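Treat the numbers as computed from the prediction; the structure is a model and nothing was measured. Indexing begins at 1, ligand by ligand and atom by atom, following the structure's order.
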Amino acid sequence: MSAKLSVVTLDGPAGVGKTTLARRLAENLGLCYLDTGAMFRSLAIRLGPDAEELSEGALRDRCNRWTFTMQGTGMKTRLFCNDERIGNEIRTETVGMLASKIARLSVVREVLSAAQRSMGERFALVAEGRDMGTVVFPDARYKFFLDASAEVRALRRMRDEANQEKHIELADLTEQIRRRDAMDRNRAIAPLRPAEDALIIDTSEMDINEVLGTMLRHISINGGMGDIQAS
Ligand code: DC
């Protein structure tokens, strides 16, 4: 049997609550927290809207200018891009869509997956995204896949304090989330889907504490994290 990495993966569609849950799960387990969506979002802003038109070589060169690092553990984990703290400025649906577009490019996925994998080898962490359990950490110790209807997710996004686009109508946000889901689920490389060995949780009728409790129970009855430390 291959050795399991000290990683818990949390995958699922936009707005399902992964970020909040991953932070709280990391806090409970004393692990670091890796928001891979934030990596795609900040790279999308830095590459700009023309990234898809660049040659493979030029795109690789641009991607390699940015280095991601992590500090702290649990709720206090902070992610940096070239020493600049990534904050809530990336939390708009416009940036989410830009990120989803560059996430289809193999060079971008290659560069970011390598950075994510390297963090998983150095730190014990909760990693959230779209392909954590399937591609980046197939050997993670625990895998979860969270789902909920697009309507429920749009409502959650509107109530999320970190959301920077308060003016959007619920119907428009639901539509934008549906379009982003379709792009993330149907792309050729690393599409959004549950890993075969992931626990799938439909969170549509659950609150955050119920989902967190379900995940913590699953980890506990399956042996916990052992004597793992965050780093
Ligand atoms: O989780 P998020 O909404 O912050 O992610 C923004 C976009 O980044 C998402 O729509 C697709 C892409 N993404 C990805 O392709 N793979 C990941 N592991 C994380 C995000």
Side-chain angles (χ1 to χ4, degrees), residues 7-23 25-26 33-47 49 51-52 59 63 66 68 70 77 79 81 86-120 125-138 140 143-148 150 152-154 156-158 160-165 168 173-195 198 203:
V7 170
V8 179
T9 62
L10 211 55
D11 288 305
V16 77
K18 297 186 301 292
T19 305
T20 310
L21 280 159
R23 292 178 70 212
L25 192 59
Y33 145 68
L34 179 62
D35 179 351
T36 63
M39 296 170 80
F40 281 92
R41 284 170 185 258
S42 31
L43 194 58
I45 294 174
R46 286 166 173 86
L47 289 175
E52 287 171 283
L59 182 60
C63 288
W66 312 104
F68 292 90
M70 218 169 45
T77 313
L79 190 60
C81 180
I86 301 174
N88 283 341
E89 68 284 352
I90 59 168
R91 308 262 162 230
T92 67
E93 199 40 43
T94 312
V95 174
M97 195 44 129
L98 265 186
S100 183
K101 284 187 180 153
I102 65 151
R104 299 179 296 189
L105 306 172
S106 59
V107 170
V108 168
R109 295 214 77 82
E110 213 181 282
V111 170
L112 289 187
S113 298
Q116 292 154 9
R117 180 83 195 170
S118 137
M119 289 200 231
L125 45 89
V126 177
E128 62 114 321
R130 302 292 185 288
D131 59 341
M132 295 297 99
T134 50
V135 176
V136 180
F137 299 115
K143 298 180 184 180
F144 297 96
F145 187 91
L146 307 181
D147 214 345
V152 167
R153 288 185 280 125
R156 282 183 190 160
R157 185 49 58 85
M158 289 196 93
D160 183 356
E161 277 176 23
N163 173 27
Q164 303 295 299
E165 275 173 330
I168 298 186
L173 186 56
T174 311
E175 189 43 41
Q176 288 178 9
I177 279 183
R178 280 215 177 89
R179 265 195 285 138
R180 188 143 70 90
D181 278 356
M183 270 175 46
D184 292 344
R185 286 185 207 275
N186 298 323
R187 68 181 173 223
I189 318 163
L192 169 66
R193 62 175 175 79
T203 69

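Numbered from 1 in the order shown, with element, the atoms of ligand 1 that lie under 4.0 Å from a heavy atom of Met132 read 18 (N). For ligand 1, the atoms sitting less than 4.0 Å from at least one non-hydrogen atom of Ala99 are 6 (C), 7 (C), 8 (O), numbered in the order shown with element in parentheses.
Of the protein's non-hydrogen atoms, the one nearest atom 13 (N) of ligand 1 is Phe40 CD1, 3.6 Å. Nearest non-hydrogen protein atom to atom 6 (C) of ligand 1 is Arg180 NH1, 3.4 Å. Counting only heavy atoms of the protein, atom 12 (C) of ligand 1 lies nearest to Ala103 CB, 3.7 Å. From the protein, the heavy atom lying nearest to atom 1 (O) of ligand 1 is Arg130 NH1, 2.8 Å. For atom 19 (C) of ligand 1, the nearest non-hydrogen atom of the protein is Thr36 OG1, 3.4 Å.
In this structure, the side chains of Val111 and Trp66 stay at 4.5 Å or more apart for every pair of heavy atoms. Phe145 is not listed as a side-chain neighbour of Met132, based on a closest heavy-atom distance of 4.5 Å or more. Considering only heavy atoms from C-beta on, Met70 comes within 4.5 Å of Leu125 through its side chain. Under the 4.5 Å side-chain criterion, counting only non-hydrogen atoms from C-beta, Pro191 is not in contact with Asn186.
None of Arg180, Arg179, Gln176 except one satisfies the side chain to side chain donor-acceptor pair (under 3.5 Å) rule with Glu93; the exception is Arg180. Ile177 pairs with exactly one of Met97, Arg156, Arg153 by the side-chain contact (heavy atoms from CB on, under 4.5 Å) rule, that one being Arg153.
Of all heavy-atom pairs spanning Leu79 and Asp35, the tightest one is CD2-O, 3.7 Å.
Residue contacts with ligand 1 do not include Met97, since none of its heavy atoms lies under 4.0 Å from the ligand.
Compare Arg41, Met183, Arg109, Lys101 by their heavy atoms: the one nearest to atom 16 (N) of ligand 1 is in Arg109. For atom 10 (O) of ligand 1, the choice among Asp184, Leu112, Asp131, Ile102 with the nearest heavy atom turns out to be Asp184.
Between the side chain of Lys18 and the backbone N or O of Gly12 there is at least one donor-acceptor pair closer than 3.5 Å.
Between Asp160 and Arg91 there is no salt bridge, since no side-chain nitrogen of the basic residue lies less than 4.0 Å from a carboxylate oxygen of the acidic one.
Distances between N or O atoms of Arg187 and those of ligand 1 include at least one value under 3.5 Å. Polar contact check, Arg91 against ligand 1: no nitrogen or oxygen pair lies under 3.5 Å apart.
No part of Met39 comes within 4.0 Å of ligand 1, judged by heavy-atom distances.
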